[in-house]
Each structure stands twice: as C-alpha cells, then as structure tokens.
Amino acid sequence: MDIAHQGIIPIAKPWLGPEEAEAAARTVVSGFLDQGPKVARFEAAFSRTVGARKAVATSSGTAALHLALMVQKIGVGDDVVVPSVSSIETASAPRFVGANPVFADVDQATMNLSSSTIEQALTAHTRAVIVAHQLGVPADMESIRNLCEPKGIAVLEDATCALGSTYLGSPVGTHSTIAAFSFNPRKTITTGEGGMVCVQNDPWAQRLRSLRNHGLSMRSHTMNETYEETGFNYRMTDLQAALGLVQLERLSTIVRRRRHLAMTYQLLLGTVPGVQIVEDPLYGTSNFQSFWILLPDDFPVTRDEFISWMLQNGVSTRRAVQPRHREGAFAGKSSPSLPVADRFARQAIVLPLFPQMTESEQNRVCELFMAAAGHTT
Ligand SMILES: *Cc1c(COP(=O)(O)O)cnc(C)c1O
C-alpha cells in the first residue's frame, strides 16, 4: 500500500472518539458550561488517578505553574532554576510572579534537570526549582529534593508532559509538594486547553481554588463575596471537564499503546551505531509523550536535512524541545554555556507517535530512518 496517498503521517494526534463528542453534547444540553459539577468530578477522578491529596483544575498548564509558584510564595527578587531544554512556559512562569528564571543544563540520558546541573545554577537568591519531566521521562526527584530541601529551596514539578509516567513505582506528580499538569492536545490526554495543580495539603488546595477565581474567599459562600487577595480567571469549564472525564478513562490504554510503540521503535532503530534513543530511566517509566532521538555527530545528513527529507516522503518529524537560554525573551548580555542543551538543539529529533498509529505507519517511519542513516534493509 502506498502510504503517500493517505497523506502525511503526523507527529502527534489526540485520541478522541464519539464518547467525547457525546459528553460535550450532554454538557451543552445541561446548560452548565462554566466551572461547575463536572470540574469537581474531574478533579476528584484526577487526584485518585495520580494519588494526590487534592487536585485543582485550571484553564491551562501555564496557569497551573503560575499558581503553583504563588502558593510557594515565590516572588520579586527570587531566583528560580528552570531547565533550559523545555517549553517556553517553564521559563515564563517565574516572570509572572516577578521572579527571575535561571537556566540550568540537562542530563543527556533523560533531557531533564539533575541534582548536578541544578547545583551549578544555584545562586544566593535561589528559592525554587521547577523540575520538568521532559516529554514524559521522569526526573530523579529524590536526589533533587535531597540537594534542594536542606537549603530551603522549594521543588515544584512541571508534570505537564508526564501524566501516566511513574517514578519509583508510583505516578509522577506526587513526589514533591506541588505539581502542574496540562491537557493541551499535545499531552497524554486533552480537554482542548486545560491544566491541573496537584498538592498534598488542604490549605494550599483552598488557596489555589481562590486564586483561580479572582481571589474569592471560600468562607464567603453563604455570605457576601469577599476578596482577600488579587487572583485571576484561571477556571476550567464544565465543557472541558466533560472531555477530561472521558479521556481519563482512556489513560491506561493510551499509555500502554504509547509504550508499545516506543518499545517497537527502540527495537527497530536501536541497531544504528551512535544514535541515542529515549528510554526509561532505571528509577521509573515514561509515557513516551514524545519519542526523541539524538543523532550522532557523524550522521550522514544534518538534522534539518533529515526533517525535510522525511516530510518529502510523507512523514512529519520535528526538532526536539529547544533550549530557552538563547531566546530573545530571556537571553542576557551573556547566556550561560549549557553544552548538553545546545547539543539537543542541534541534533535531536522527534518521531511520530500517537495511540492510533498503525504498524504500517510505524514501519514506514523506521524504513525511512534507516535509509537516512545509510542502512538499507
Ligand atoms: C505543555 C507544557 C506546558 C504548558 O502547558 P499549557 O497547558 O500548554 O499551558 C508547560 N511546560 C511544559 C514542559 C509543557 O510541555
């Protein structure tokens, strides 16, 4: 069969079915569109799934990160260590509270911060670290907390990519005091846009609920409204939560399928010398939210030539996550030297991986990769 006639194999595609459409339609008919009973149900189901004490839904993962920093009382004059290799939001969030993002390099095996890369970025003003589980690969939380917590540095998890990943046998997002998730269509499950903050104590959950709703005081439910502090409209809608409830039921199937596809890629492409392929770290499992490969220096074609050649052959691939310490929004007079981040910037690619990817689609991607690598089968 000629795959070219079926259009381009996409890099990612959310799995949405008639169940989501029905749930959305029922919500429309109910007339309850903004934050209501379905958001509460989605929060309860999500906290059970992740094993968090409380989950508070937000309008996006970025909003979740912003509120997580506020609850940790990070603000003006504070330095926050962030991974250079991450979505721009990880670095933007400290700016929202007037704090200063300080970029750290990442570990080449996981694309994540490690205790040693964090240590190199600490300053006298470091008050927090945002640890991203990049593209689903869990970061080594225990060694990071062992470095930071004795120094009074708060550890926050950017778990926006990592729903369904595990660390030391339990779900990612519960190995720190606060974690942010995202339901953007690029993530494991989607609500269109949406986010969640998971916390392990009730007072923080209560403050998060207030902050996402203009700072409305919770005690005032039966009385007049009062506002003790300035908050935001970061609410999720019931329409989004209706989708989220259906998607959450698909989560284990989605993760199983993603892991199966990732193992197949590892098996089929792992024979190319010098190529580094994303894999589970010893201490956890990835949901393989994106499947990345680091090309060797002597790969026959450059990364960008590879991407355009794949596209000409009907396969969408991408550069992996870019380092942010050189972005105009953040670059100072001298950006730090972060060699691993720069290496990912030059030589990392992401291959297509989505739950409904077929075997023939995956074989096609592998054949093309092997041809580009100079291995004909
Ligand atoms: C997607 C993502 C975010 C932001 O989530 P949104 O829901 O899109 O706002 C933050 N950090 C990382 C690492 C992400 O991948």
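Small disclaimer: the values here were computed from a predicted structure and weren't measured. Start at 1 and go down the list; that is how both ligands and their atoms are numbered.
Within ligand 1, counting atoms from 1 as listed, the ones closer than 4.0 Å to a heavy atom of E89 are 1 (C), 2 (C), 3 (C), 4 (C), 8 (O), 10 (C). With ligand atoms numbered from 1 in the order given, ligand 1 contributes 15 (O) to contacts under 4.0 Å with heavy atoms of C161.
Of the polar atoms of E193, none of the N or O atoms is found under 3.5 Å from an N or O of ligand 1, judged by distance alone. Backbone and side-chain nitrogen or oxygen atoms of F183 are examined, and none is located within less than 3.5 angstrom of a nitrogen or oxygen of ligand 1.
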Could you give the side-chain donor-acceptor pairs of residues 39-52 under 3.5 Å, partners two or more places apart or in another chain?
{"unit_1": "E43", "atom_1": "OE1", "unit_2": "R209", "atom_2": "NH1", "d": "3.0"}
{"unit_1": "E43", "atom_1": "OE2", "unit_2": "A57", "atom_2": "N", "d": "2.7"}
{"unit_1": "E43", "atom_1": "OE2", "unit_2": "R209", "atom_2": "NH1", "d": "3.4"}
{"unit_1": "E43", "atom_1": "OE2", "unit_2": "R212", "atom_2": "NH1", "d": "2.8"}
{"unit_1": "S47", "atom_1": "OG", "unit_2": "E43", "atom_2": "O", "d": "3.3"}
{"unit_1": "S47", "atom_1": "OG", "unit_2": "A44", "atom_2": "O", "d": "3.0"}
{"unit_1": "T49", "atom_1": "OG1", "unit_2": "A45", "atom_2": "O", "d": "2.9"}

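Both the backbone and the side chain of T62 come within 4.0 Å of ligand 1, counting heavy atoms alone. Counting heavy atoms closer than 4.0 Å to ligand 1, residue R186 contributes nothing at all.
From the protein, the heavy atom lying nearest to atom 12 (C) of ligand 1 is T160 OG1, 2.9 Å. Ranking protein heavy atoms by distance to atom 15 (O) of ligand 1, first place goes to K187 NZ, 2.6 Å.
The ring of H133 has its center no closer than 6.0 angstrom to the ring center of Y167.
Closest approach of V81 to L122, counting heavy atoms only: CG2-CD2, 4.2 Å.
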Exercise for review: Just do the salt bridge (Lys or Arg N to Asp or Glu O under 4.0 Å) check on D280 and R259 with the steps written out, would you?
Suggested key: CA-CA 10 Å; D280 287 332; R259 287 184 57 78; 2.8 Å; yes
